[in-house]
Amino acid sequence: MSRNPLVLPLTRRSLLLAGGAAGVASMVPAPLRPAAALEATHTLAPGPARIRMVGDAYPETTVWAYDGRVPGPEIRVRQGDRLRIAVTNRLVEETTVHWHGLRVPNAMDGVPHLTQRPIAPFETFTYEFDAVDAGTFWYHPHQRSHEQVGRGLHGALIVEEREPVTVDRDLCWVLGDWRLKEDASISNDFGAMMDMSHGGRLGNTVTVNGRVLDEVPVRAGERVRLRLVNAANARIFGLRFQEHRPVVIAIDGHSVEPHEPEDGRIVLAPAMRVDLVIDMTGAPGDRTTVIDDFYPDRAYRLLDLGYGPDRLRDKPPDTPVRLPANPVAEPDLSAADRHEVTLGGGMMGSMAGAMVDGRMTDMRTLLRQGMAWAINGVSSGGADRHGGGDAGHVMAPILTVARGRTCVIAMANETAWPHPMHLHGHTFRVLSRNGRPTRFREWQDTVLLAPRERVEIAFVADNPGDWMFHCHILEHQAAGMMSTIRVA
Ligand code: C2O
Ligand code: CU
């Protein structure tokens, strides 16, 4: 097993320094004062910045960041709070902010051209919505996402439950994946055709909260709530905590029956979140390596949990870890509209061609135009990929659901690649995989389909508007795997 799949030979010293800042930084809740009407509760300024990502032995890395930080500032509010977030664009290109997983009104969803005019450089746009659901969410641009997110624009948005589970510490790890050069600068090859038509832009450096970490300090006996956010463009994580037995209490922000993950491995596709409760059952002075072995031939050590010298308690607390449910309408499967969605394209697939801008286009021509994927035979593209951003405006919706109806979507992945499919504006139950009912009927906003897998989801279409429905491997999205669903 290798270490972090890093091109850069890290020194021990830089790793330790990086580790020292870890863990605690993300715990401090942002103070939220009751604001006067129309006054912003939060501000965000996306712009260029320099951060120390891999340690003191290397130069700083130029990134695009919210408020100069990667990840962007953690926004932490209580369920039911109203957020008013003023976003001032300090980039030299247009941007937007999408509140991933939050069920916001359509006009606040941050999709350029589809739900708003993009925010021009120097312009401010204020997003305003209620935090309806509690849970772990995140925010990122929806404009040329594969580059803007990949250069560092992403942050956690945490909505605290009115009655949270009792833990000693609440930690959030925003997982990032970067393609760095020897001098720790970001490789500029965004949109490389190899990445677009295969598994997306996989990096060579994995960060936790924007830094390569060596160790996260823990205490024997403590109970930690660990919120994991996968903010990577393309990397799927499969985390193992060795002799620890993490319990999954939420997926994509929503409560799930507490359970240990299958095979003890937490699989987290791009854009997904998982909340864990981990009892630190080791002894003072222990070290446990957290491993990521999603890609089995490229397993590496993510970081160590380092036990301090003291013990907090002798055995794990017996307080319950089940989270309250969010107010999501229950799908009525006896009266549902059923739709089929087929994912096609990519290398090693069988797709011969797809519709682009209303014209049938063969695979060769598609690839030459930087396209590789299709949803229901349509490859969304045109101006989007280049200047225009991740717009849905050129696409007619692939399906329309009457407001209030239950919608069942049977998705078939007819490609040789995994795809985490994300629906905006709603949360859905994952009903089945390859015809077999899921164990927990999880609420999710992003569901990973393995190659050739079929997955059924269901949701009540109770949020009117045109909503993006796309793959969250951002290179796949940019190369055609995006669509819209209309709720009217
Ligand atoms: Cu995380 Cu369409 O978004
Ligand atoms: Cu995909």
Side-chain angles (χ1 to χ4, degrees), residues 71-72 95-104 106 108-116 136-146 148-150 153-157 174-175 195-202 229-236 252-253 268-273 341-349 351 354 371-375 379-380 384 389-392 395 411-427 444-453 455 465-485:
T95 193
T96 63
V97 181
H98 170 58
W99 314 97
H100 184 115
L102 289 141
R103 298 187 294 141
V104 302
N106 192 257
M108 296 294 123
D109 199 42
V111 181
H113 310 291
L114 187 70
T115 70
Q116 71 170 101
T136 305
F137 303 98
W138 65 300
Y139 59 92
H140 63 78
H142 221 286
Q143 175 94 6
R144 298 199 325 103
S145 311
H146 69 288
Q148 291 197 4
V149 178
L153 290 168
H154 47 75
L157 197 165
V174 178
L175 300 170
D195 297 329
M196 306 289 262
S197 59
H198 291 72
R201 180 183 172 93
L202 282 179
V229 180
N230 184 351
N233 278 30
R235 180 176 294 278
I236 303 171
D252 286 356
L268 205 66
M272 287 190 63
R273 289 87 61 213
V341 166
T342 303
L343 312 176
M347 289 299 110
M348 280 107 67
M351 189 170 89
M371 309 297 287
W373 308 92
I375 297 179
S379 195
S380 71
D384 300 359
D390 306 326
M395 292 172 291
M411 286 185 269
N413 178 3
E414 297 186 347
T415 81
W417 302 89
H419 302 289
M421 295 300 295
H422 171 48
L423 174 65
H424 287 209
H426 298 80
T427 177
Q444 292 180 208
D445 56 60
T446 307
V447 61
L448 178 62
L449 281 81
R452 313 283 170 199
E453 194 176 27
V455 169
D466 281 4
W467 300 101
M468 295 294 292
F469 178 57
H470 64 86
C471 179
H472 222 289
I473 289 181
L474 300 177
E475 288 70 32
H476 292 182
Q477 179 191 8
M481 197 171 268
M482 87 180 143
S483 62
T484 61
I485 289 178

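We count ligands from 1, going down the list as the structure has it; atoms in each ligand are counted the same way. Residue numbers run from 1 in the order of the sequence given.
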Check step by step if side chain to side chain contact (heavy atoms under 4.5 Å, CB included) holds for I236 and L268.
CA-CA 6 Å; I236 303 171; L268 205 66; over 6 Å; no
Please confirm if an N, O or S atom belonging to [X], backbone or side chain, lies less than 2.8 Å from atom 1 (Cu) of ligand 1.
{"X": "H422", "value": "no"}
{"X": "H140", "value": "yes"}
{"X": "H142", "value": "no"}

Looking at H472, which of its N, O or S atoms is the nearest one to atom 1 (Cu) of ligand 1?
NE2
Kindly give the atom name of the N, O or S atom of H100 closest to atom 1 (Cu) of ligand 1.
ND1
Near the Cu ion (ligand 2) (protein N/O/S, cut-off 2.8 Å, waters excluded) we have H419 ND1, C471 SG, H476 ND1
Quick one: does E475's side chain have a donor or acceptor within less than 3.5 Å of a partner on R201's backbone?
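Checked: pair present.
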Take T96 and Q116 through the test side-chain hydrogen bond (donor to acceptor under 3.5 Å, both in side chains) and record every step on the way to the result.
CA-CA 8 Å; T96 63; Q116 71 170 101; 5.1 Å; no
Residue of the set H424, H142, H472 for which ring pair (Phe, Tyr, Trp, His ring centres under 6.0 Å) holds with H100:
H472
Would you call the rings of H419 and W373 parallel, tilted or perpendicular if under 30° counts as parallel and over 60° as perpendicular?
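Perpendicular, since the angle between the ring planes exceeds 60°.
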Which distance, rounded to the nearest 0.5 Å, do you find between the OG1 of T446 and the NE2 of H422?
5.0 Å
Using a 4.5 Å cut-off on heavy atoms from C-beta on, say whether the side chain of F469 contacts that of V341.
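V341 vs F469: side chains touch.
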Does any part of the side chain of L474, heavy atoms only, come nearer than 4.5 Å to the side chain of P270, both counted from C-beta?
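No - every pair of side-chain heavy atoms lies 4.5 Å or more apart.
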